[in-house]
Number of protein chains: 2
Amino acid sequence: MQIMPRDGSQARTRLRAAALELYRERGYDETTTAQIATRAGVTERTYFRHFADKREVLFDGEAELRAILVNAVATAPDRLAPLPVMVRAFTAVVPLLIANRSVAQQRAEVIAVTPALQERAYAKTAALIDALTDALTARGITRPTARLTAQVGMAAFERANRAWADTPAHDLTTLIAQAADEVLTLGGT
Amino acid sequence: MQIMPRDGSQARTRLRAAALELYRERGYDETTTAQIATRAGVTERTYFRHFADKREVLFDGEAELRAILVNAVATAPDRLAPLPVMVRAFTAVVPLLIANRSVAQQRAEVIAVTPALQERAYAKTAALIDALTDALTARGITRPTARLTAQVGMAAFERANRAWADTPAHDLTTLIAQAADEVLTLGGT
DNA sequence: GCCTGTAGTGACAGTTACTGACACTACCAG
DNA sequence: CTGGTAGTGTCAGTAACTGTCACTACAGGC
């Protein structure tokens, strides 16, 4: 067997790249974890030491995203209303999204055609909402309201993100603020 | 082997009951699909003819829920603003929720302690949001706004549902309307 | 009463995601 | 040079899920 560098992060990186490639080339269902491992130059067992399951390999960035969001909420000015706090948080994440845009695009294409991956994506979004709920609660907002705020904020963010994907010329920061405003118009009158 | 009635819906019903029992008795992870099938008096293969996977057996009611929601949106008065349409839709589903309350409670307990089931629950919620988005689009609302509305409406509904679980004395219909109102206050000023 | 089609099922073999246990190797601290 | 630690390979095993085929209950026409 080949001698492999002991730095685990390298194997992890290669596994991520190999999985994305294979999922794009032959589809998620037609790819086995053994194939991913082989392409990355490790064994299947090593794959499962780095990622909990076959899906998780595509969702490695979530922790970083969550950290930025939570920090932005925590450092928001006091007295700022709940939804503006959300706008602030999602705005803080814009640079990361811009930096990762091309890989994110490839990921999104695979997820869009794979129900199993969509399911995981929903769970990751829910985890972000949980984290945002906690962060809002720490600001003194009651938990039910905090949860509602986090969900509504996430909905606005997704709306902005989709608009951004359609018309990349627009500024994502502006789109986020507009989506938040739009929420407040849905009640009519 | 025993002679089994040919009416598939009976096996399906027994499988649902057996799965809920076993998941509650020993936990989801410690339950095998073979055990569910045995308790329901069928083979494992028959289980997978009725349900796509080990999780789906707990989420059989979604189609009915979706039908009611979509119908309520379709038959809502013209000129009603988007969010009030959502309130109307979720209000229409209240009787079903009241009727199923005890089973729903047991289901919720199992789901609450099982990440794999939570993931599926998120996916089911997302499917409802998709259906609501389509229904709103049919009313002439643009798709991005329809999607935002469906997500915000679902967030309000969940907020009402949680409040209802905590204080069952309150009227769910009222709680839904209040949650929708609360959304409009999140912007401040 | 018999024939025929259809839907539901049992039996069985096979693939693959995932796990536990153990041994080995690169590297780091002293 | 030594001992500890983290990452890995190997192997065996479990359980979710699938394909295929044969069989059985039942409904309808004749």
Side-chain angles (χ1 to χ4, degrees), chain A residues 1-23 25-60 110-111 114-121 123, chain B residues 1-23 25-60 110-111 114-121 123:
Chain A
M1 205 79 215
Q2 287 291 340
I3 294 172
M4 282 295 151
R6 293 289 103 166
D7 182 3
S9 67
Q10 304 223 348
R12 195 182 181 89
T13 302
R14 284 200 309 274
L15 282 165
R16 258 189 281 137
L20 181 56
E21 286 171 23
L22 284 165
Y23 290 170
E25 288 172 17
R26 24 193 336 162
Y28 173 86
D29 287 329
E30 286 68 40
T31 302
T32 70
T33 54
Q35 289 168 351
I36 297 170
T38 299
R39 180 167 300 198
V42 296
T43 62
E44 194 182 11
R45 192 69 186 84
T46 292
Y47 172 92
F48 283 105
R49 288 201 180 92
H50 283 283
F51 302 101
D53 57 42
K54 190 181 170 186
R55 309 171 185 183
E56 198 66 14
V57 67
L58 271 193
F59 299 90
D60 216 16
V110 176
I111 294 173
T114 313
L117 293 175
Q118 291 171 33
E119 202 169 346
R120 178 58 49 87
Chain B
M1 204 78 214
Q2 286 292 339
I3 294 171
M4 282 296 150
R6 292 290 104 164
D7 182 2
S9 67
Q10 303 221 351
R12 195 182 181 89
T13 301
R14 283 201 309 273
L15 282 165
R16 258 191 280 135
L20 181 56
E21 286 172 22
L22 283 164
Y23 290 170
E25 287 172 17
R26 25 195 330 164
Y28 173 86
D29 287 329
E30 286 68 38
T31 301
T32 70
T33 54
Q35 290 167 350
I36 297 171
T38 299
R39 180 166 300 197
V42 296
T43 62
E44 194 181 11
R45 192 69 187 85
T46 292
Y47 172 93
F48 283 105
R49 288 199 179 93
H50 283 283
F51 302 102
D53 56 42
K54 189 181 170 184
R55 308 172 186 181
E56 199 65 16
V57 67
L58 270 193
F59 299 89
D60 215 17
V110 175
I111 294 173
T114 312
L117 293 174
Q118 290 170 34
E119 203 169 347
R120 178 58 49 85

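Here is the naming used below: chain letters follow the sequence lines, and residue numbers restart at 1 for every chain. When reading the values below, keep in mind they use all heavy atoms of this one structure, side chains included, and skip hydrogens, waters and symmetry mates.
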| field | Among C:dG10, C:dA17, D:dA16, the one nearest B:Phe48 by side-chain distance | value | D:dA16
| query | Any salt bridge between B:Arg49 and B:Glu44, counting N to O under 4.0 Å? | reply | no
| query | Under 4.0 Å between a side-chain N/O of B:Thr33 and OP1 or OP2 of D:dA16, yes or no? | reply | yes
| message | What is the separation between atom CZ on B:Phe51 and atom P on C:dG8, rounded to the nearest whole Å? | response | 13 Å
| said: If you go through the side-chain atoms of B:Arg45, does one of them form a donor-acceptor pair with the base of C:dG8 closer than 3.5 Å? | reply: no
| task | Side-chain contact test, heavy atoms from C-beta onward, threshold under 4.5 Å: evaluate it for A:Val57 versus A:Tyr23 and give yes or no. | result | yes
| remark: Whole-Å distance, A:Ile36 CD1 to C:dA17 P, equals 8 Å
| said: Distance check needed: C:dG8 C1' versus B:Tyr47 OH, whole Å only. | reply: 17 Å
| said: Let me spell it out: for each of B:Arg49 and B:Asp53, pick the nucleotide of DNA chain D with the closest heavy atom. Which residue's pick is nearer the 5' end? | reply: B:Asp53
| query | With respect to the side chain of B:Glu44, which nucleotide from C:dA21, C:dA17, D:dA16 is positioned closest? | reply | D:dA16
| So, does B:Tyr47 use its side chain to make a donor-acceptor pair with the main chain of B:Ala40 at under 3.5 Å? | no
| message | With a cut-off of less than 4.0 Å, is there a side-chain N or O of A:His50 near OP1 or OP2 of D:dT8? | response | yes
| field | Atom pair distance, as rounded to whole Å: CD in A:Glu56 and P in C:dT19 | value | 12 Å
| message | So that I can tick it off, tell me whether B:Arg55 and A:Glu119 are bridged by a salt bridge, with the cut-off set at under 4.0 angstrom between side-chain N and carboxylate O. | response | yes
| query | C:dT9 C1' sits how many Å from B:Leu15 CG, rounded? | reply | 12 Å
| said: Expressed as a whole number of angstroms, how long is the span from B:Arg120:CZ to D:dA16:C1'? | reply: 13 Å
| request: Measure from CG on B:Leu22 to C1' on D:dA16 and round the result to the nearest Å. | output: 16 Å
| query | In terms of side-chain heavy atoms of A:Lys54, which of D:dT8, C:dA17, C:dT9 is nearest? | reply | C:dA17
| query | Between D:dT8 atom C1' and A:Gln10 atom CD, what is the distance in whole Å? | reply | 14 Å
| query | After noting the C-alpha distance and the side-chain angles of A:Thr32 and A:Gln35, does the key distance pass the side-chain contact (heavy atoms from CB on, under 4.5 Å) rule? | reply | CA-CA 5 Å; A:Thr32 70; A:Gln35 289 168 351; 3.2 Å; yes
| task | State whether A:Thr43 places a side-chain N or O below 4.0 Å from either non-bridging phosphate oxygen (OP1 or OP2) of D:dT8. | result | no
